[in-house]
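Sequence lines set the chain letters: A, B, ... in the order given, protein chains first and strands last, and positions in each chain run from 1.
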2 protein chains.
Amino acid sequence: MRPFKHPAASEFVLERVLYALSDPVRLEIVRRLAALGEASCSELDGGRPKSSVSHHFRVLRDAGLVCTRSAGTTHINSLRSEEMNARFPGLLEAILSQRE
Amino acid sequence: MRPFKHPAASEFVLERVLYALSDPVRLEIVRRLAALGEASCSELDGGRPKSSVSHHFRVLRDAGLVCTRSAGTTHINSLRSEEMNARFPGLLEAILSQRE
DNA sequence: TCTGTAGTTCGATAATATTCGAACAATGGA
DNA sequence: TCCATTGTTCGAATATTATCGAACTACAGA
């Protein structure tokens, strides 16, 4: 499996980040990633079909929010908090600190 | 013309706010509203058809971002900054302070 | 009352997203 | 090598959204 393309921080687009986080499934994934540090896809699927979850992870990756690396048969995901904070200071924390 | 329905701050939904701001046209409208304080629809239309602009304002109103009041034949729009800040502290500022 | 201005609403079309099953790829272990 | 696990990709169906012209409403002024 070829490695995923992760955009550079300079390529992050604000609208794309906001859009990625405007979906309840993806926002929940990001929230749990923030709490866990890192996690595999299946740990965050919430019982959803794999293809749907894979789609959401791709949106998150394309927006620059999530980094995915392979480790054996699983994919480990983590937030790109530092890079997101470098490009959009305070944004991620402002969103994730909101109570639902 | 019947008055618009503006949701109460307690009804604001984070995902809806993020979605409303994930569109370039709407984000620009909100940015300019933040700079101007208040403005009519036509001052913010960017040369777009009226029906399109009206649609975007409705999305912004429904999300709780914008308040619209009638003044004669024009509609005056303003940000609901205080209420947004009460419901989602720091969120709007964190988004609007980002450089494009 | 007539006219012009400001915006909304409706309806249709096009574009984009979401969802999910099925097939595929990659890895690790029996 | 065979098999189970993990996740991606493909394809199609569905749903949501954006866009814009046209018709309409409300208001102010001549």
Side-chain angles (χ1 to χ4, degrees), chain A residues 1-7 13-30 32-33 36 38-79, chain B residues 1-7 13-30 32-33 36 38-79:
Chain A
M1 189 149 305
R2 54 197 170 293
F4 303 102
K5 70 169 191 299
H6 294 94
V13 177
L14 181 58
E15 289 90 329
R16 195 181 298 264
V17 174
L18 297 178
Y19 180 78
L21 295 176
S22 72
D23 181 275
V25 175
R26 291 191 292 263
L27 184 57
E28 177 63 19
I29 287 175
V30 169
R32 295 183 56 193
L33 266 183
L36 295 172
E38 53 180 32
S40 67
C41 299
S42 58
E43 289 177 290
L44 303 172
D45 64 10
R48 268 168 261 274
K50 298 188 294 181
S51 52
S52 296
V53 175
S54 191
H55 161 72
H56 286 303
F57 270 105
R58 192 163 70 79
V59 174
L60 290 170
R61 268 196 304 270
D62 290 348
L65 283 158
V66 164
C67 169
T68 304
R69 73 175 199 277
S70 288
T73 141
T74 82
H75 287 181
I76 311 263
N77 303 281
S78 57
L79 288 186
Chain B
M1 188 149 304
R2 56 197 169 294
F4 303 103
K5 70 169 192 299
H6 293 94
V13 177
L14 182 57
E15 289 91 328
R16 197 180 298 264
V17 172
L18 298 177
Y19 179 78
L21 295 175
S22 73
D23 181 276
V25 176
R26 291 192 291 264
L27 183 57
E28 178 62 18
I29 287 175
V30 169
R32 296 185 53 195
L33 266 184
L36 296 173
E38 53 180 31
S40 67
C41 299
S42 58
E43 290 176 290
L44 303 172
D45 66 9
R48 268 167 260 275
K50 295 188 295 181
S51 52
S52 296
V53 176
S54 192
H55 161 72
H56 287 304
F57 270 106
R58 193 164 68 79
V59 174
L60 291 170
R61 268 195 307 269
D62 289 349
L65 283 158
V66 164
C67 169
T68 304
R69 72 174 199 278
S70 287
T73 139
T74 81
H75 286 182
I76 312 262
N77 304 280
S78 57
L79 287 186

### Summary
Shortest non-hydrogen pair, Ile76(B) vs Ala71(B), comes out as CG1-CB, 3.8 Å
### Query
Counting only side-chain N and O atoms of Arg58(A), is one of them less than 4.0 Å from OP1 or OP2 of dT18(C)?
no
### Query
Checking all strands, does Ser42(B) fall into the base, sugar-phosphate, or nothing category for heavy-atom contacts under 4.0 angstrom?
sugar-phosphate
### Task
Indicate yes or no for a side-chain donor-acceptor contact from Asn77(B) to the backbone of Thr68(B) under 3.5 Å, with no hydrogens or angles considered.
no
### Query
When the distance from CD1 of Ile76(B) to C1' of dT8(C) is rounded to whole Å, what number comes out?
16 Å
### Query
Rounded to whole angstroms, how far apart are CZ on Phe4(A) and P on dT6(D)?
16 Å
### Task
Quick one: closest heavy-atom pair of Ala39(A) and Leu33(A), and the distance?
N-CD2, 3.8 Å
### Query
Hey, does the side chain of Arg61(B) come within less than 4.0 Å of dT8(C)'s phosphate (OP1/OP2), counting only N and O?
yes
### Query
Which one, dG7(D), dG7(C), dT9(D), comes nearest to the side chain of His75(A)?
dG7(D)
Using a cut-off of under 3.5 Å, enumerate the N/O to N/O pairs linking the protein to nucleotides 15-19 of chain D.
unit_1  : atom_1 : unit_2   : atom_2 : d
dT17(D) : O3'    : Tyr19(B) : OH     : 2.6
dA18(D) : OP1    : Tyr19(B) : OH     : 3.4
dA18(D) : OP1    : Arg26(B) : NH1    : 3.0
dA18(D) : OP1    : Arg26(B) : NH2    : 3.0
dA18(D) : OP2    : His55(B) : NE2    : 2.8
dT19(D) : OP2    : His56(B) : NE2    : 2.6

### Summary
In whole angstroms, the gap separating P of dC20(C) from CZ of Phe57(A) amounts to 16 Å
### Message
As an exercise, state the distance from OG of Ser70(B) to CZ of Phe4(B), rounded to the nearest 0.5 Å.
### Response
6.0 Å
Heteroatom pairs (N/O) under 3.5 angstrom, protein to nucleotides 11-14 of chain D:
none

### Query
Separation of Leu44(A) atom CG from dT8(D) atom P, in whole Å?
12 Å
### Query
Closest heavy-atom contact between Glu43(A) and Ser40(A)?
OE1-N, 2.7 Å
## Note on the structure
Arg48(A) meets the salt bridge (Lys or Arg N to Asp or Glu O under 4.0 Å) criterion, sequence neighbours left out, with none
### Separation between CD of Glu38(A) and SG of Cys67(A), rounded to the nearest 0.5 Å
9.5 Å
### Message
Quick check on the 6.0 Å ring-centre criterion: do His75(A) and Phe57(A) meet it?
### Response
no
### Task
Looking only at non-hydrogen atoms, find the nearest pair between His6(A) and Val66(A) and report the distance.
CD2-O, 3.5 Å
Check: protein-nucleotides 28-30 of chain D nitrogen or oxygen pairs below 3.5 Å:
none

### Query
In whole Å, what is the span from the NZ atom of Lys50(A) to the P atom of dA26(C)?
15 Å
Please list, one pair per line, the donor and acceptor atoms closer than 3.5 Å that link side chains of residues 15-23 of chain B to other protein atoms, with sequence neighbours excluded.
unit_1   : atom_1 : unit_2   : atom_2 : d
Ser22(B) : OG     : Tyr19(B) : O      : 2.7
Asp23(B) : OD1    : Val25(B) : N      : 2.8
Asp23(B) : OD1    : Arg26(B) : N      : 3.2

### Summary
Between CG of Leu60(B) and C1' of dG7(C) the distance, given in whole Å, is 15 Å
### Derivation and outcome, side chain to side chain contact (heavy atoms under 4.5 Å, CB included), residues Leu44(B) and Val53(B)
CA-CA 8 Å; Leu44(B) 303 172; Val53(B) 176; 5.9 Å; no
### Query
How many Å lie between CD1 on Ile29(B) and P on dG7(C), as a whole number?
12 Å
### Query
Roughly, in whole Å, what's the span from CG in Asn77(B) to C1' in dG7(C)?
10 Å
### Task
Taking salt bridge (Lys or Arg N to Asp or Glu O under 4.0 Å) as the test, write out the residues that go with Glu28(B), two or more places apart.
none
